[in-house]
Amino acid sequence: MSIPAEVEFKIPTTTSAVGLFLFKKLIYTTPTGIAIKIVVASSYNENSLTTLVIEGILNGASAGVLIYMALVDFIVADFKSQRMHGTVKSCSSKTIVVAIFKLRSSDSIIRFSMD
């Protein structure tokens with residue numbers, strides 16, 4: 001099997017624009033991240049109070065995002081299931097808002113109780 005001498009690729013303009021944007025972001029963010037790591041690594045002390053506080057805040061933020069995304073995925077899966085199609089139409093929008101408010105409140109209570 002031979003490869004043709006000339007191959008035409010038709011790339012939509014939106015795909016190439018998005019690809020170019022992501023490529024430019026990669027070009028700028030990678031050296032910036034490396035420079036930040038070099039500066040931080042030269043003065044990093046893993047037992048200092050500031051390091052522990054910042055590390056705790058970043059770990060808490062990443063865990064919070066993970067929990068939030070998991071809850072959102074569960075809610076979307078529940079609302080898309082066949083079991084919920086009949087019940088959501090019979091519920092008022094006020095009931096749905098109250099249910100979501102209770103869910104978010106319990107999430108906040110769980111977060112504060114973990115501290």
All N/O donor-acceptor pairs, side-chain side in residues 56-65, below 3.5 Å, sequence neighbours left out:
| unit_1 | atom_1 | unit_2 | atom_2 | d |
| --- | --- | --- | --- | --- |
| N59 | ND2 | E55 | O | 3.3 |
| S62 | OG | L58 | O | 3.3 |
| S62 | OG | N59 | O | 2.9 |

Show every donor-acceptor pair shorter than 3.5 Å between a side-chain atom in residues 23-39 and any protein atom, with sequence neighbours excluded, or say none if there are none.
| unit_1 | atom_1 | unit_2 | atom_2 | d |
| --- | --- | --- | --- | --- |
| T29 | OG1 | K25 | O | 2.7 |
| T30 | OG1 | L26 | O | 2.9 |
| T32 | OG1 | Y28 | O | 2.6 |

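The side chain to side chain contact (heavy atoms under 4.5 Å, CB included) check on N47 picks up N45, with sequence neighbours excluded.
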